[in-house]
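Here the structure is laid out as structure tokens; the discussion comes afterwards.
Values reported hereafter were calculated over all heavy atoms of this structure, with side chains retained and with hydrogens, waters and symmetry mates removed.
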Amino acid sequence: MSSALTDLLRHPIVQAPMAGGIAVPQLAAAVSEAGGLGFLAAGYKTADGMYQEIKQVRGLTSRPFGVNVFLPQPESADPAAVEVYANQLAGEATWYDTELGDPDSGRDDGYDVKLAVLLDNPVPAVSFHFGVPAPEILESLRRAGTVTLVTATTADEALAVQNAGADAVIAQGIEAGGHQGTHRDIQENDGSGIGLLTLLAQMRETVEIPVVAAGGLMRGSQIAAALAAGASAAQLGTAFIPTPESGAAPVYKRALTDPLFVRTGLTRAFSGRPARALVNRFIREHGPYAPAAYPEINHLTSPVRKAAAKAGDAQGMALFAGQGHRLVRELPAGQLVQVLAAELKAATTALSAGGAGR
């Protein structure tokens, strides 16, 4: 593991920056205090909203933490397809007594302003999703003392991350919950993602920068497997959703182990980009017809998702979760980090003792 990344961690555990109000300051601070690396999610927030959360984390912990930023997306959506999908969703808006959002509410997520804030008020780590930042941006952050990480879903994407000058790459396997961080959104490639262990092997043979493993990891023994496969650390998201510090709605937390939700699936239904979530009514009814149109579809469905959450209706919510969701544990975030670290130590000791086959 590079010294830049090592200095941020007592345990090789990174809390995924789950957008949509889950990765709140209390969660990021609790994870960092326990020796992991907590992350805030700047996605869908204003630059000032992001800055206020950074100040909150600094008031809760002196330990390192990070901020995740979404890259602006190219204008590739078909307006006619978005309109057809909006017509299909009209009944959802009526059912939840709300209106559909404006699909043209903006597509850069305040990227430039957020970067300006992060350069003026540097944080220990910044990660990027949905593409690779320009090399000069990564260099500016490095000069400010910030460690940079970028998500990749293939070895070729990881090479692009390395060539741009990032300090580390996050290997996101197909098992991961939430949005796939593909650098280019190609609808014909839907469902063709790579499993984490295979992806780690491919990346380790392609790049020299540290790799952070992400995708379906819920136990310390899985973290040990990822480290044995060449990862320098592991990023977990779903595992932290049911913690009391998480900002997820109670109905969301309960759904993770509710027998009503038997599987996860990749869908464009909520945002127009592939994302793994618990399969519910909304996905079954609308997923097959959702166009490749991010962030337009995300803006369109936002009021419906919020209204469903307010009503406590899990069938209309975006319940983003990884394949290991049934392995969640209702523990405080700091305790969960300690449990994972202990499991990791036990698994590593067993491997060293030749107990892998037991």
* Asked: After noting the C-alpha distance and the side-chain angles of N298 and R107, does the key distance pass the side chain to side chain donor-acceptor pair (under 3.5 Å) rule?
  -> CA-CA 10 Å; N298 191 70; R107 60 184 318 101; over 6 Å; no
* **Carboxylate-amine/guanidinium proximity below 4.0 Å for D190 and R273** => no
Pairs of donor and acceptor atoms involving the side chains of residues 215-226, under 3.5 Å and at least two apart or interchain, shall be tabulated with distances.
unit_1, atom_1, unit_2, atom_2, d
R219, NH1, L327, O, 2.7
R219, NH2, L327, O, 3.3
Q222, OE1, M218, N, 2.6
Q222, OE1, R219, N, 2.9
Q222, NE2, G216, O, 3.3

Side-chain donor-acceptor pairs under 3.5 Å in residues 286-294, sequence neighbours left out?
unit_1, atom_1, unit_2, atom_2, d
H286, ND1, Q88, NE2, 2.8
H286, NE2, E92, OE2, 2.7
Y294, OH, Y44, OH, 3.3

* **Near-ring test F282/F270, centroid separation under 6.0 angstrom** => yes
* Determine whether more than 12 heavy atoms belonging to other residues, nucleotides or ligands lie under 6.0 Å from atom CG of D97. => no
* **Charged N-O contact under 4.0 Å between K114 and D109** => yes
* Asked: So, for L149 and F39, which heavy atoms are closest and what is the spacing to 0.1 Å?
  -> CD1-CZ, 4.3 Å
* To do: Write down the atom of H11, the atom of V337, and the distance for their closest heavy-atom approach.
  => CD2-CG1, 4.0 Å
* Please examine the side chains of L141 and L119, heavy atoms only from C-beta on, and report whether any two atoms are closer than 4.5 Å. => yes
* Assign the ring pair F320 / H179 to parallel, tilted or perpendicular, where the plane angle (0 to 90°) is split at 30° and 60°. => tilted
* To do: Walk me through it: do T264 and H325 pass the test side chain to side chain donor-acceptor pair (under 3.5 Å)?
  => CA-CA 9 Å; T264 63; H325 65 95; 5.6 Å; no
* Asked: Taking atom types as modelled, is there a side-chain donor on R329 or T243 under 3.5 Å from an acceptor on the other?
  -> no
